[in-house]
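Everything numeric in this text was worked out from a predicted model, so none of it was measured.
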Amino acid sequence: MASLIEAIEIKRKSYFEFEGAPYHCIDVEISKPTARGGQTLVRLKMRNLLTRAVFDKTFKAGEKFREPDLEMVPATFLYADAGGYHFMDQDNFETLTLSADTLGDDRLLLVDNVLVQIHKYNGNPIGVIFPPHVELTVASTEPGVRGDTASGGVTKAATLETGLEVRVPLFIKEGEKVKVHTETREFAGRA
């Protein structure tokens with residue numbers, strides 16, 4: 001039996017179930033009334049883990065939520081095909097499949113054997129959590145031209161092996177491996 005959590009107990013980065021779906025709390029704002037008899041309200045900025053939608057909702061402090069049946073599973077990316085994106089569970093070596101819709105733009109960070117955490121809700125995979133950085137190879141970029149630095153444009157566009165486009169320093173060449181921040185999708189250095 002899952003335990004119940006009161007709205008006032010929900011903290012940033014915690015998980016709870018609301019209207020039959022799992023949610024991740026992004027931010028919490030508690031407003032305590034100044035008048036007697038007023039109710040304490042909890043305003044949550046929350047993300048639906050199934051639809052990825054983010055919105056604000058206000059609850060009374062005593063409202064109760066169930067703890068969701070969430071599990072984090074270490075997995076490595078294997079391959080992608082028409083059936084979806086396939087990962088291998090590192091605990092039991094089963095294949096987990098996520099659809100392109102579920103992954104969204106995160107699929108541009110996937111390379112062979114990258115280690116990720118897969119979010120499972122009620123035993124079904126619903127999302128991927130990446131490490132802070134992934135290493136990708138530069139597929140194409142313009143060569144840096146001498147004198148470009150004087151105009152302040154010290155970066156250039158580069159397309160990586162997965163199709164992701166990032167701005168990189170002028171000295172980066174095609175075929176080099178670079179680190180990319182998974183949160184911001186920005187260049188983080190040479191690999």
Are the side chains of M88 and F93 in touch, meaning some heavy atoms are under 4.5 Å apart?
-> yes
Mind checking the CD-NZ spacing from E19 to K57? Nearest 0.5 Å is all I need.
-> 6.5 Å
Closest non-hydrogen atom pair, E17 against E67 = OE1-O, 4.3 Å
Aromatic ring proximity Y23/F65, centre distance under 6.0 Å | no
State, to 0.1 Å, how close G83 and D81 come at their nearest heavy-atom pair, and which atoms those are.
-> N-OD1, 2.8 Å
What are the two closest heavy atoms between Y121 and P68, and how far apart are they?
-> CE1-CB, 4.1 Å
Heavy-atom nearest pair, K11 first then V28, reads C-CG2, 3.9 Å
Look up atom CD in E63 and atom CG in L4, then write down how far apart they are to the nearest 0.5 Å.
-> 12.5 Å
Atom NZ of K60 and atom OG1 of T40: how far apart are they, to the nearest 0.5 Å?
-> 12.0 Å
Quick check: are there more than 12 heavy atoms from other residues, nucleotides or ligands sitting under 6.0 Å from CD of E29?
-> no
Just wondering, do I118 and F87 contact through their side chains at under 4.5 Å, heavy atoms?
-> yes
Within a strict 4.5 Å, meaning less than it, do heavy atoms of the V54 and K45 side chains meet?
-> yes
How far apart are the C-alpha atoms of F187 and T155, what are their side-chain angles, what is the distance that settles it, and do they pass the side-chain contact (heavy atoms from CB on, under 4.5 Å) test?
-> CA-CA 10 Å; F187 174 79; T155 61; over 6 Å; no
Please report the closest heavy-atom contact between T137 and G175, naming both atoms and the distance.
-> CG2-O, 3.6 Å
Gap between atom CG of D69 and atom CD of E71 - 0.5 Å precision = 7.5 Å
Among the clusters formed by ILVMFWY side chains lying less than 4.5 Å apart, do L108 and V166 turn up in the same one?
-> yes
Do V168 and K156 come within less than 4.5 Å of each other through their side chains, counting heavy atoms only?
-> yes
Is any side-chain heavy atom of F59 closer than 4.5 Å to a side-chain heavy atom of I10?
-> no
Joint hydrophobic cluster, V178 plus F171, side-chain heavy atoms closer than 4.5 Å = yes
Rounded to the nearest 0.5 Å, the NE2 atom of H24 sits from the CG atom of L70 at a distance of 10.0 Å
Same cluster or not: are L50 and L98 linked, directly or through other Ile, Leu, Val, Met, Phe, Trp or Tyr residues, by side-chain heavy atoms under 4.5 angstrom apart?
-> no
Decide yes or no for V180 and L160: does some side-chain heavy atom of the first lie under 4.5 Å from some side-chain heavy atom of the second?
-> yes
Would you call R107-D101 a salt bridge at under 4.0 Å N-O?
-> no
hydrophobic_cluster_shared for F77 and V116, side chain cutoff 4.5 Å = yes
What closest approach, in Å, do I129 and M72 show between heavy atoms, and which atom pair accounts for it?
-> CD1-CE, 3.2 Å
Say whether L110 and V138 are linked into one hydrophobic cluster, either directly or through other cluster members, by side-chain heavy-atom distances under 4.5 angstrom.
-> yes
Side-chain heavy-atom pair V128, L109 within 4.5 angstrom cut-off | no
Taking atom NZ of K120 as the centre, does the number of heavy atoms from other residues, nucleotides or ligands within less than 6.0 Å exceed 12?
-> yes
Flag the pair E135 and K179 as a salt bridge only when some basic side-chain nitrogen lies within less than 4.0 angstrom of an acidic carboxylate oxygen.
-> no
What distance separates H133 NE2 from T182 OG1, expressed to the nearest 0.5 Å?
-> 7.5 Å
Sub-3.5 Å donor-acceptor pair from the side chain of R47 to the main-chain atoms of A53, do we have one?
-> no
Student check: side-chain heavy atoms of F18 and N48 closer than 4.5 Å = no
Has the side chain of T97 got a donor or acceptor atom that lies under 3.5 Å from a matching backbone atom of Y85?
-> no
